[in-house]
Amino acid sequence: MSLDEDAPAVDAKPISFRCPEKEDGADLIRLVRGTGVLDVNSAYAYMLIGEHHAHTSVLAEIEGEPVGFVSAYRPHSLPETLFVWQVGVAEAGRGQGLATRMLFDILTRPICEDVRYLDTTIATNNDASKTLFRRLAERINANCDVQELFSAEMFENEQAAEHLFRIGPFDTTVIRAQNL
Ligand SMILES: CC(C)(COP(=O)(O)OP(=O)(O)OC[C@H]1O[C@@H](n2cnc3c(N)ncnc32)[C@H](O)[C@@H]1OP(=O)(O)O)[C@@H](O)C(=O)NCCC(=O)NCCS
């Protein structure tokens, strides 16, 4: 099944958010493929999201059908930071605030209570992603610092450079209270 063609419009039906499980690896990889933009990593990598990073990741569903996901984790070297690895929303669900809602779903979980920074890397040619994270920073009144992390030459296939967007500091208890 093509998730992009068959995913219902997000505003039409109730949407649910849950932690992905290792059994969701195939759905995650299908969502990633469906974006046509994200790097498609191995099925094994997406199973690891469910196995090791479930509580800092999210799968959005409408009537049991996956419509979006965020994979993220807490790097040991950055104790106050949530690192967002990939965000994907099926074509039919875009432009309705779903990616933002998924990020807030993770940030307002107890496991993120002490998180003060959100880090992500964005390809220099991905305007949608830049707007998503800049708007998120604005919504929570946080700074958004940008610097190159992975240059184009570091990729064997010479893809676009990845810039590190570091959003913060912020207080997740305030975000929770604002009910964003
Ligand atoms: C990027 C992506 C996740 C955004 O999902 P979404 O659910 O449509 O995002 P939201 O509706 O929460 O939008 C957040 C903000 O970004 C803006 N935005 C979203 N898509 C945009 C686009 N294509 N161009 C410009 N701005 C865009 C929205 O207007 C919104 O700003 P606003 O609050 O001022 O209205 C989705 O387009 C996608 O899956 N793209 C392919 C994969 C990808 O690039 N992932 C990100 C890299 S990890």
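Start at 1 with the first residue, then count along the sequence. Keep in mind that the numbers below use all heavy atoms, side chains included, and drop hydrogens, waters and symmetry copies. Read the numbers this way: they start at 1 and go in the same order the structure lists the ligands and their atoms.
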J.: Ring centres under 6.0 Å, that's the criterion: do Phe83 and Tyr73 meet it?
T.: yes
J.: Closest non-hydrogen protein atom to atom 11 (O) of ligand 1, residue and atom name please, with distance?
T.: Gly97 N, 2.7 Å
J.: Output yes when Arg109 and Asp105 qualify as a salt bridge under the 4.0 Å nitrogen-oxygen rule, no when they do not.
T.: yes
J.: So is there a nitrogen or oxygen of Gly88 less than 3.5 Å from a nitrogen or oxygen in ligand 1?
T.: no
J.: Return a yes/no value for Ala99: is any of its N or O atoms, backbone included, closer than 3.5 angstrom to an N or O of ligand 1?
T.: yes
J.: How close does the nearest protein non-hydrogen atom get to atom 22 (C) of ligand 1, and which residue and atom is it?
T.: Ala128 CB, 3.4 Å
J.: Using a 3.5 Å cut-off on N or O atoms only, is Ser129 in polar contact with ligand 1?
T.: no
J.: Arg139 versus ligand 1: do any nitrogen or oxygen atoms come within less than 3.5 Å of each other?
T.: yes
J.: Evaluating non-hydrogen atoms only, which member of Thr35, Leu132, Val87 is closest to atom 43 (C) of ligand 1?
T.: Val87
J.: Is there at least one protein heavy-atom neighbour under 4.0 Å from atom 2 (C) of ligand 1?
T.: no
J.: To the nearest 0.1 Å, how far is atom 34 (O) of ligand 1 from its closest protein heavy atom, and which atom is that?
T.: Arg135 NE, 2.5 Å
J.: Would you say atom 38 (C) of ligand 1 touches the protein, meaning some protein heavy atom is under 4.0 Å from it?
T.: yes
J.: Hydrophobic cluster mates of Met154, side-chain heavy atoms under 4.5 angstrom, ILVMFWY only, any path?
T.: Leu149, Phe150, Phe155, Leu164
J.: Considering residues, nucleotides and ligands other than His55, do more than 12 of their heavy atoms fall under 6.0 Å from its NE2?
T.: no
J.: Ignoring hydrogens, just give me the one of Val37, Thr100, Asp127 whose non-hydrogen atom is nearest atom 14 (C) of ligand 1.
T.: Thr100
J.: Heavy-atom contacts with Asn126 under 4.0 Å: which atoms of ligand 1 show up? List them by number with element.
T.: 43 (C), 44 (O), 46 (C), 47 (C)
J.: In ligand 1, which numbered atoms sit nearer than 4.0 Å to a non-hydrogen atom of Leu38?
T.: 42 (C), 43 (C), 45 (N), 47 (C), 48 (S)
J.: I need the atoms of ligand 1 closer than 4.0 Å to a non-hydrogen atom of Gly95, numbered in the order shown.
T.: 6 (P), 8 (O), 11 (O)
J.: Determine whether any protein heavy atom is located less than 4.0 Å from atom 17 (C) of ligand 1.
T.: yes
J.: Checking contacts now, so for atom 29 (O) of ligand 1, which I'm interested in, is there any protein heavy atom under 4.0 Å?
T.: no
J.: With heavy-atom distances below 4.0 Å as the criterion, list the atoms of ligand 1 near Gln96.
T.: 11 (O)
